Number of protein chains: 2
Amino acid sequence: REMYVSGVTHDTNVAKLTVIEVPDKPGIAFTIFDALAKERINVDMIVQSTKAEAVTDLLFTISKDDSRRAVKIIEDLIPQLGAKGLHCDESVAKVSVVGAGMVTHPGVAALMFKALADSGINIQVISTSEIRISCLIDQSQVEKAVEAIHRAFQLELEPGEIPAA
Amino acid sequence: REMYVSGVTHDTNVAKLTVIEVPDKPGIAFTIFDALAKERINVDMIVQSTKAEAVTDLLFTISKDDSRRAVKIIEDLIPQLGAKGLHCDESVAKVSVVGAGMVTHPGVAALMFKALADSGINIQVISTSEIRISCLIDQSQVEKAVEAIHRAFQLELEPGEIPAA
Ligand SMILES: C[C@@H](O)[C@H](N)C(=O)O
Ligand SMILES: C[C@@H](O)[C@H](N)C(=O)O
């Protein structure tokens with residue numbers, strides 16, 4: 001099947017909220033995102049990876065503009081959830097490789113991660129689909145990241161995209 | 001912007017590999033996925049959420065058919081990575097809601113999670129994009145999950161899809 005990388009996107013208007021050590025049982029994810037949905041808070045990434053433990057962290061990203069409201073909503077929910085707490089991180093940015101057919105081309109993720117590694121940029125969060133590989137990195141490194149990924153994929157920078165450093 | 005849910009997909013040919021307590025520093029993600037890419041192992045989901053610690057878990061999914069080879073590749077890499085170990089879980093299945101514009105419609109994730117919660121199904125891993133919300137659940141519950149999500153979204157089952165229980 002055809003694979004192509006159509007571009008690199010980035011977003012600095014990102015806040016990462018992590019619900020810390022929440023019981024890993026049915027109904028928890030629903031409670032969190034129902035509360036956010038009722039307040040019309042748009043959620044971008046939802047990322048949860050589970051260990052073989054009774055608790056897990058659940059993180060999600062929203063825009064920085066919504067973070068104060070979202071923090072209030074989730075903090076009010078902490079007792080009901082039985083979570084340890086909530087962490088809000090506004091120092092992150094999201095950088096993504098966008099394309100198609102990337103599942104069947106394992107080298108695409110490796111190349112994106114190489115570009116970041118070679119630039120000394122630490123990958124904090126990863127979430128993927130067949131058409132998008134998204135990483136959260138430190139906001140201060142986003143220009144360097146976009147430029148490095150463009151170089152790695154030999155993509156021309158579009159007008160208006162971050163110019164090469 | 002338009003939002004729609006076009007369908008529910010499921011995949012039982014899923015193995016979840018977790019690289020446990022790997023140093024959270026540049027180059028780690030590249031090392032893992034470069035090794036898999038060189039062996040032409042197709043990777044579906046990559047999920048990493050980070051705590052404010054020196055180590056993190058990094059999990060990814062592949063087909064069950066590739067798991068033995070992938071386990072060998074990653075186990076050989078454990079010393080170089082400095083990870084604690086590797087966990088391979090073949091008891092999972094992936095269920096996804098597929099559509100468009102889901103970021104700007106926070107209720108979609110909440111409704112999917114509600115369907116699973118109401119069926120008593122625990123969500124083990126979550127990864128999302130604007131066009132897909134994917135959850136890993138126990139393989140034994142996948143029919144129940146697909147049916148519950150269909151009901152929640154009032155979608156007609158396509159010919160060939162898992163019939164209502
Ligand atoms: C942590 C959360 O995802 C939980 N496992 C649930 O099913 O809701
Ligand atoms: C854990 C892994 O993602 C690491 N932070 C890296 O940048 O490669």
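The figures that follow rest on heavy atoms only: side chains count, while hydrogens, waters and symmetry mates do not. Lettering follows sequence order; numbering is per chain, from 1. Note that the coordinates shown come from a computational prediction; the quantities given were computed from them, not determined experimentally.
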* Structure fact -> Nearest heavy-atom contact between A/Gln48 and B/Val47 is O-CG1, 3.7 Å
* Do A/Val43 and B/Phe153 belong together in a cluster built from hydrophobic side chains that touch within less than 4.5 Å? -> yes
* Linked, directly or transitively: A/Ile78 and A/Phe60 (ILVMFWY side chains, under 4.5 Å) -> yes
* Could you look at B/Ile131 and say if it's the side chain, the backbone, both or neither that has a heavy atom under 4.5 Å from chain A? => side chain
* Can A/Ile73 be reached from A/Ile62 by stepping across I, L, V, M, F, W or Y side chains whose heavy atoms are under 4.5 Å apart? -> yes
* To do: Check for a donor-acceptor pair, side chain of A/Ser129 on one end and backbone N or O of B/Arg132 on the other, with a separation under 3.5 Å.
  => no
* **More than 12 heavy atoms of other groups within 6.0 Å of A/Arg69 CZ** => yes
* Structure fact -> Minimal heavy-atom distance between A/Phe30 and B/Ala110, with the atoms involved, is CD1-O, 3.2 Å
* **Common cluster, B/Val55/B/Val19, ILVMFWY with side-chain heavy-atom separation under 4.5 Å** => no
* Structure fact -> Scored by heavy-atom pairs under 4.5 Å with chain A, the best of B/Asn122, B/Ile123, B/Val125 is B/Asn122
* **chain B contacts, top residue of A/Ser119, A/Ala37, A/Pro26 (heavy-atom pairs, under 4.5 Å)** => A/Pro26
* Asked: Can you name the closest pair of heavy atoms from A/Pro106 and B/Asn42 and give their distance?
  -> CD-OD1, 3.4 Å
* Structure fact -> If one checks every heavy atom of B/Lys16 against chain A at 4.5 Å, the contacting part turns out to be side chain
* Asked: Can you tell me if A/Thr128 uses its side chain to pair, donor with acceptor, with the backbone of B/Ile46 under 3.5 Å?
  -> yes
* Could you grab the distance from atom CG of A/Leu111 to atom CZ of B/Phe33, nearest 0.5 Å is fine? => 14.0 Å
* **Cluster check A/Leu17, A/Ile20: I/L/V/M/F/W/Y, side chain < 4.5 angstrom** => no
* **Contact leader toward chain A among B/Ser134, B/Ala109, B/Gly120, where contacts are heavy-atom pairs under 4.5 Å** => B/Gly120
* Do you know which of B/Ile121, B/Leu36, B/Asp24 has the most heavy-atom pairs under 4.5 Å to chain A? -> B/Asp24
* Find the distance between CZ (A/Phe113) and CD1 (B/Ile28) and round it off to the nearest 0.5 Å. => 12.5 Å
* Structure fact -> d(B/Met45 CE, A/Glu130 CD) to nearest 0.5 Å is 13.0 Å
* Taking everything shown except B/Lys114 itself, do over 12 heavy atoms lie less than 6.0 Å from its NZ? -> no
* To do: Sort out for me which of B/Gly27, B/Ser49, B/Ala117 touches chain A most, counting heavy-atom pairs under 4.5 Å.
  => B/Ser49
